[in-house]
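What's counted below: heavy atoms across the whole structure, side chains too, no hydrogens, waters or symmetry copies. As the structure is a computational prediction, the values presented were derived from the model and not from experiment.
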Amino acid sequence: FFYPLDKITNWNEIYGKDGFIQYQFAVPYKHANSAILEILKILKKNKIYPYLAVLKNMKKDKGLINFSLDGISLALDIPNSHKVIKIIQKLDQIICSKNGIVYLTKDSNLKKEIFEKMYINSIELKKIRSIYNLQKFKSQQSDRLGL
């Protein structure tokens with residue numbers, strides 16, 4: 001039920017030898033239509049066609065850098081390529097300009113400057129990591145984002 005693709009042997013091979021990037025973002029309701037349409041136009045213009053798209057309503061929750069806001073989330077499975085990575089950087093800027101956020105669990109490209117604008121509470125997280133000397137717990141993503 002939860003993993004329907006697992007019924008298909010080697011389903012991941014349909015994405016090609018370079019695989020795919022799962023890109024997910026959320027934008028507030030008041031910017032959702034314009035942001036999503038702008039993003040879809042950019043993808044179409046660059047001949048980038050998602051294999052899968054999932055659109056969801058979201059609700060704001062508590063947390064320092066959690067993926068929540070009152071708005072719409074769109075997740076896209078996009079074929080991986082160097083061109084796609086450059087396009088995603090443009091999409092990040094659009095989402096940021098619309099007061100949106102990128103889902104960090106699925107992120108592999110977000111720039112530190114954009115992250116800090118999207119997740120303004122990341123300053124508090126950095127303070128907590130410093131107070132409790134947690135810098136030894138890190139990842140490539142935390143290094144890239146300056147956490």
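- Heavy-atom neighbours of K106 NZ from other residues, nucleotides or ligands within 6.0 Å: above the threshold of 12.
- Checked against side-chain contact (heavy atoms from CB on, under 4.5 Å), I128 has the following partners two or more places apart in sequence or in another chain: L64, Y132.
- Under the salt bridge (Lys or Arg N to Asp or Glu O under 4.0 Å) criterion, K44 pairs with no residue at all, not counting sequence neighbours.
- Contacts classified as salt bridge (Lys or Arg N to Asp or Glu O under 4.0 Å) and involving residues 56-73 (residues at least two apart or in different chains) are not found.
- Hydrophobic cluster membership differs between L37 and L43, with clusters built from Ile, Leu, Val, Met, Phe, Trp and Tyr side chains linked at under 4.5 angstrom.
- Y23 and D92 share a side-chain donor-acceptor pair at under 3.5 Å.
- Between K127 and E124 there is a salt bridge, since a side-chain N of the basic residue sits under 4.0 Å from a carboxylate O of the acidic one.
- By the 6.0 Å contact criterion, CD1 on I8 is enclosed, its count of non-hydrogen atoms from other residues, nucleotides or ligands being greater than 12.
- Hydrophobic cluster membership of I123, counting Ile, Leu, Val, Met, Phe, Trp and Tyr whose side-chain heavy atoms lie under 4.5 Å apart directly or via other members: none, as it forms a cluster of its own.
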Hey, can you pull the donor-acceptor pairs under 3.5 Å for the side chains in residues 109-117, sequence neighbours left out?
from	atom 1	to	atom 2	distance (Å)
E116	OE2	K126	NZ	2.7

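- L147 and I120 fall into different hydrophobic clusters, where Ile, Leu, Val, Met, Phe, Trp and Tyr residues are linked whenever their side-chain heavy atoms come under 4.5 Å apart, directly or through other members.
- A26 and M58 make their closest contact through CB-SD, 3.4 Å (heavy atoms, listed as atom of the first residue, atom of the second, distance).
- For R144, the salt bridge (Lys or Arg N to Asp or Glu O under 4.0 Å) partners are D107, not counting sequence neighbours.
- In this structure, V54 shares a hydrophobic cluster with L52, the cluster being traced through Ile, Leu, Val, Met, Phe, Trp and Tyr side chains under 4.5 angstrom apart.
- Neither Y51 nor L55 shares a network with the other; the hydrophobic side chains, linked directly or stepwise wherever heavy atoms of I, L, V, M, F, W or Y lie under 4.5 Å apart, form separate groups for each.
- Applying the side-chain contact (heavy atoms from CB on, under 4.5 Å) criterion to S108, with sequence neighbours excluded, gives no partner residue.
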Show every donor-acceptor pair shorter than 3.5 Å between a side-chain atom in residues 93-102 and any protein atom, with sequence neighbours excluded, or say none if there are none.
from	atom 1	to	atom 2	distance (Å)
S97	OG	I94	O	2.7
K98	NZ	S34	OG	3.3

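- Not counting sequence neighbours, the partners of Y103 by the ring-ring contact (aromatic ring centres under 6.0 Å, His included) test are F67.
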Return a table of donor-acceptor pairs under 3.5 angstrom between the side chains of residues 73-89 and protein atoms on other chains or two or more places apart.
from	atom 1	to	atom 2	distance (Å)
S73	OG	Q24	NE2	2.9
S73	OG	F25	O	3.3
D77	OD1	Q22	NE2	3.0
D77	OD2	Y15	OH	3.4
N80	ND2	D18	O	3.3
S81	OG	K83	N	3.4
S81	OG	V84	N	3.1
K83	NZ	N46	O	2.6

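- Put simply, NZ on K138 and CG on L145 are 13.5 Å apart, with the number rounded to the nearest 0.5 Å.
- Between N121 and G63, the closest heavy-atom pair is ND2-O, 4.1 Å.
- With sequence neighbours excluded, the residues satisfying side-chain contact (heavy atoms from CB on, under 4.5 Å) with N57 are Y29, I72.
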